[in-house]
Amino acid sequence: MKKHLLLSLMAASVSAACQVHAETWPEPIGPSQTDFGGVGLLQTPTARMAKEGEFSLNARDNRQYRYYSASLQLFPWLETTVRYTDVRTRRYSAVEGFSGNQSYKDKAFDLKLRVWQEGFWLPEVAVGSRDLGGTGLFDSEYLVASKAWGPFDFTLGLGWGYLGSSGTVKNPFCSANDSFCHRTGNGEPGAINGSQMFHGPAALFGGVEYQTPWQPLRLKLEYEGNNYQDDFAGRLEQRSKVNVGAIYRLTNWADFNLSYERGNTFMFGVTVRTNFNDLRQSHIDEAPPAYQPQPQGDLLEPTVVASQLSALKYNAGLDGPRIQTKGSTLYVTGEQSKYRDTREGVDRANRIIMNNLPAGIQTLDVTETRYGMPQVTTHTDVASLRQSLVGYPLGHEQPLQQTRTAPTEPVDSEQGFFIRPARLNYSLSPVLNQSVGGPENFYMYQIGVMGNVDYWLTDHLLVGGSVFANVANNYNKFNYNGAPSDSTLPRVRTHIRDYVQNNVYVNDLQANYLRYLGGDVYGQVYGGYLETMYGGVGGEVLYRPIDSNWAVGLDANYVKQRDWDNMMQFTDYSAPTGHLTGYWRPWFSQDVLVKASVGQYLAKDKGVTLDVSKRFDSGVMVGFYATKTNVSAKDYGEGDFTKGFYISIPMDLFTVTPTRGRAMVNWVPLTRDGGQMLGRKYQLYDLTSDRDARFN
């Protein structure tokens with residue numbers, strides 16, 4: 001009885017403490033980032049996760065290291081971090097003149113996975129790995145738990161590798177197998193050495209984060225398990241295992257950090273953040289047409305239809321609109337050029353037609369096209385639509401009778417009116433090409449302007465090209481010929497320095513024949529200068545059911561390498577290349593797209609490319625890709641395999657009017673020759689995105 005009473009009193013006291021906290025302390029302002037990037041204390045992680053979609057850019061600086069990282073909360077339970085560490089005490093290369101005075105740069109990729117969420121009694125628990133797929137200079141694994149009590153957030157963890165180098169506790173896995181008691185040295189740059197995970201010495205770490213009564217300020221104290229005796233920057237003195245720090249939130253998107261670590265070192269830095277789920281459009285756009293039905297006529301009236309066609313183009317965003325009737329169905333066709341969510345355009349088109357609907361029409365079919373290929377038809381019952389526009393009586397609401405089907409068009413229409421789409425299209429846009437982390441120079445860039453011109457010779461034959469003008473680049477520092485360990489592969493991409501020496505050049509010049517082949521099949525054939533470095537011929541076929549979670553495509557190409565000294569000519573190098581690609585959106589995570597491609601690459605190596613991307617509520621897409629081929633790590637060269645990250649950003653987040661354009665930011669660690677795909681200008685999966693209403 002006394003025991004139960006004691007437990008009840010303890011529970012009541014904890015509840016009271018939490019209540020006092022709610023009344024006297026401000027709510028915490030969200031988890032903060034560690035020195036390495038990722039949510040945590042200072043040198044050590046916690047089990048906490050940021051809000052899903054949070055993207056943080058972090059910079060930290062002390063006497064030995066500069067840490068630059070980007071951390072993304074990809075899912076509520078998965079944190080990802082990309083990091084570059086500038087080792088200020090080391091040169092990148094011992095080869096005279098190769099890297100100049102550049103200090104060593106270590107690249108790394110971190111993951112943290114939440115095991116379970118915090119409960120009333122149980123802590124939040126996470127497991128993670130640092131420097132996964134890096135050089136192994138800071139590689140660590142850890143199991144960590146965090147528990148909040150009032151304004152305090154306590155953390156206790158067990159670390160291996162860099163986090164556990166002091167070996168204050170016995171590795172618990174040693175009792176299972178003696179091999180876990182030892183950990184070998186650093187791995188190959190870019191390689192994933194899973195065989196060493198949870199091996200070697202282990203150590204406890206932990207600490208507490210305190211939310212002060214002044215909301216912008218939080219204080220941190222931690223005990224770390226690293227002894228810094230085998231640090232890459234040199235054997236570092238550690239006067240204390242206790243680190244202290246403070247974080248001040250300057251605004252809701254920026255933090256300033258200051259800490260005193262190892263008993264002798266100051267660390268300072270900043271974090272800026274946004275949330276990809278919370279970004280919103282702020283358009284100044286014409287409102288959808290109000291429902292104002294007019295007296296119905298038997299036929300389409302030219303004057304009325306002219307007004308409707310104009311509204312379809314400028315209000316509904318349907319370029320090259322066409323209105324036709326056959327029997328009791330009215331057909332609307334056009335290419336959606338304005339709204340990223342094509343359902344917005346369909347809704348506006350239906351309202352425009354309903355305001356001047358001919359008598360006897362029972363069905364509206366709105367067919368969206370793209371690049372001369374019909375994509376999908378939205379079939380709407382007129383009676384149901386009319387009722388939804390007028391409004392249902394309270395308690396008698398019914399769903400709109402509307403379905404998306406394979407594209408349909410009348411063969412012999414009774415009436416037809418249209419605005420002819422433009423045959424000639426041109427544009428001018430800025431371009432940034434970049435490569436990060438190279439030994440010759442940390443950041444390689446090319447800034448220029450691309451002028452594009454396209455002309456439709458027929459409804460399906462498109463000819464066009466683009467001219468690139470260099471504004472600035474530093475690829476003259478790309479010294480691949482002098483690399484300490486060259487790849488043995490044909491140089492299919494590493495001649496980039498030679499290409500960008502041209503101030504103005506034809507980037508591509510090709511003809512494309514694109515066609516909807518019926519059912520769920522699309523096809524294209526193409527030929528010409530296909531990209532900066534290659535020209536040739538090829539074709540692609542795609543099978544993509546309407547609103548399906550999967551699709552499959554096949555492309556085949558024969559290409560020759562363009563001559564960098566005269567880009568209208570070719571070198572002697574040629575290669576067949578092509579891939580079978582599967583596209584899949586898992587049923588358990590509809591905002592994720594998985595692409596797997598199997599085939600032959602430009603260097604005639606064979607292998608698989610896996611591309612996984614996540615779409616956030618704002619439309620921002622973040623993806624990672626990796627390619628592994630039959631080329632050995634030695635033959636491939638530094639990096640072991642091809643990999644990279646990208647962010648695709650809808651431009652309508654920044655424009656005052658709707659647009660379907662996107663900006664792509666790529667992060668490519670190294671330019672190497674293995675696992676390189678042909679840069680095809682048009683890919684059918686992208687050109688048929690309207691067939692999936694959920695993924696624009």
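Being a predicted model, the structure only gives us computed values, none of them experimental.
Residue pairs meeting the salt bridge (Lys or Arg N to Asp or Glu O under 4.0 Å) criterion with at least one member in residues 398-409, sequence neighbours excluded, are Arg404-Asp547. The stretch residues 294-352 participates, sequence neighbours left out, in no ring pair (Phe, Tyr, Trp, His ring centres under 6.0 Å) pair at all. For residues 349-360, the set of pairs meeting the salt bridge (Lys or Arg N to Asp or Glu O under 4.0 Å) definition, not counting sequence neighbours, comprises Asp347-Arg351. Pairs of residues two or more places apart, or lying in two chains, that qualify as ring pair (Phe, Tyr, Trp, His ring centres under 6.0 Å) and include a residue from residues 365-389 are Tyr371-Tyr682. Screening residues 398-424 for ring pair (Phe, Tyr, Trp, His ring centres under 6.0 Å), with sequence neighbours left out, gives no hits. Among residue pairs with one or both ends in residues 384-394, none qualify as salt bridge (Lys or Arg N to Asp or Glu O under 4.0 Å); sequence neighbours excluded. Applying the side-chain hydrogen bond (donor to acceptor under 3.5 Å, both in side chains) test to every pair with at least one member in residues 644-659, sequence neighbours left out, gives these pairs: Gln281-Asp652, Arg340-Asp652, Asp611-Tyr646, Ser648-Arg662. Pairs of residues two or more places apart, or lying in two chains, that qualify as ring pair (Phe, Tyr, Trp, His ring centres under 6.0 Å) and include a residue from residues 602-623 are Phe276-Phe616.
Applying the salt bridge (charged side-chain N to carboxylate O under 4.0 Å, His left out) criterion to Asp381, with sequence neighbours excluded, gives no partner residue. Partners of Arg423 under the salt bridge (charged side-chain N to carboxylate O under 4.0 Å, His left out) rule, at least two apart in sequence or in another chain, are Asp459. In this structure Arg322 satisfies the salt bridge (charged side-chain N to carboxylate O under 4.0 Å, His left out) test with no other residue, sequence neighbours excluded. The salt bridge (charged side-chain N to carboxylate O under 4.0 Å, His left out) check on Glu54 picks up Arg273, with sequence neighbours excluded.
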